[in-house]
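Both ligands and their constituent atoms are indexed starting at 1 by order of listing.
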Amino acid sequence: MSRKLIAGNWKMNGSLAANEALLKGVLGGLNAPACDIAVCVPSAYLAQCQTLLAGSPVALGAQDVSQHEAGAFTGEISTAMLKEFGVRYAIVGHSERRQYHGETDAVVAAKAQRALAGGVTPIVCVGETLAEREAGKTEEVVKRQLAAVIHLNGHCISEIVVAYEPVWAIGTGKTATPEQAQAVHAVLRAQLKAATPQSDRIAILYGGSMNAANAAQLLAQPDIDGGLIGGAALKAPDFLTIIAAAH
Ligand code: 13P
């Protein structure tokens, strides 16, 4: 990997006023960043954020995308619609979507495939629950989740971004230690290597309570190519500190 990627996932947070203040704070504090940067915003704010980010080094991302192309799918948003707002990335298979919206590995793979076909880079999330970790099943779970995407998308797998987000670390303040994260990233890296000769192009991000204080240590691990940041991406100074740690 050449440049790391720091992506904020705002989740269901924000308002017109708060978004403007946050993005102005982030853009105002950027100083020749050495990494790629994105913010994945609620769909309702894509147009606003596209305008605020125009001409900046911060790419626009969505938090989900439909597995369908178009038609009678009330509430869903297509890749083509995202493209109209300059969206570069779409998170797919976030654990909150898997948990609260019943998204299966097959649905996640279909979404990733649809995004890729339409020219949006899917950020595919994988990660084990606390119960799965305690049962010694971490490797088995993340490999199964990643395999679904690899096998359905064989032709363009090198265009995805992978995010390892241990469910027990999301929003809990319990970050994986750099060693715990690195161990899983190495497993994912090996799986990608076995799947494609272009695995070097695939960034593997860490997500789960990454913050201004712990980012540097996590990002120093050999197989951690960036971060997917929730809470800390909502505060400009914290997000900027994480960006500065990614080089
Ligand atoms: P937190 O950084 O708030 O733990 O969220 C991580 C996450 O889920 C990013 O997608």
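Within the structure, ligand 1 lacks Ser95 among the residues with a heavy atom less than 4.0 angstrom away. Contact annotation: Ala232 has no heavy atom less than 4.0 Å from any atom of ligand 1.
Closest to atom 5 (O) of ligand 1, if we only count protein heavy atoms, is Lys11 NZ, 3.3 Å.
Between the CG atom of Leu60 and the CG atom of Leu52 there is a distance of 10.0 Å, given to the nearest 0.5 Å.
Residues meeting the side-chain contact (heavy atoms from CB on, under 4.5 Å) test with Gln180, sequence neighbours left out: Arg133, Trp168, Ala176, Thr177.
Gln182 and Asp223 share a donor-acceptor pair across their side chains, judged by distance under 3.5 Å alone.
Annotation: Gly171 places an N or O atom under 3.5 Å from an N or O atom of ligand 1; distance criterion only.
For ligand 1 and Gly230, the ligand atoms under 4.0 Å from any heavy atom of the residue are 1 (P), 2 (O), 3 (O), 5 (O), 6 (C), 9 (C). Atoms of ligand 1 found under 4.0 Å from any heavy atom of Gly208 (numbered from 1 in listed order, with element): 4 (O), 6 (C). Near Glu165, the atoms of ligand 1 lying under 4.0 angstrom from a non-hydrogen atom of the residue are 6 (C), 7 (C), 8 (O), 9 (C), 10 (O). Residue-ligand proximity, Gly231 to ligand 1, at heavy-atom distances under 4.0 Å covers atoms 1 (P), 2 (O), 3 (O). Heavy-atom contacts of Ile170 reach the following atoms of ligand 1: 4 (O), 5 (O), 8 (O) (cutoff under 4.0 Å). For ligand 1, the atoms sitting less than 4.0 Å from at least one non-hydrogen atom of Ser209 are 1 (P), 2 (O), 4 (O), numbered in the order shown with element in parentheses. Listed by number with element, the atoms of ligand 1 under 4.0 angstrom from any heavy atom of Ala169 are 4 (O).
For Asn9, every heavy-atom contact with ligand 1 shorter than 4.0 Å involves the side chain, none the backbone.
More than 12 non-hydrogen atoms from other residues, nucleotides or ligands lie less than 6.0 angstrom from CD of Glu76.
Every pair tested for ring-ring contact (aromatic ring centres under 6.0 Å, His included) that includes a residue from residues 80-129 fails, sequence neighbours excluded, so the list is empty.
Note on Leu22: it clusters hydrophobically with Val39, by side-chain heavy-atom contacts below 4.5 Å among ILVMFWY residues. Cluster annotation: Val167 and Val124 are assigned to distinct hydrophobic clusters (Ile/Leu/Val/Met/Phe/Trp/Tyr, side-chain heavy-atom contacts under 4.5 Å, transitive).
For atom 8 (O) of ligand 1, the choice among His94, Gln63, Lys174 with the nearest heavy atom turns out to be His94.
The closest donor-acceptor contact from the side chain of His247 to the backbone of Ala34 lies at 3.5 Å or more, if one exists at all.
If you run side-chain contact (heavy atoms from CB on, under 4.5 Å) between Pro122 and each of Thr79, Ile91, Leu116, Val108, only Leu116 comes through.
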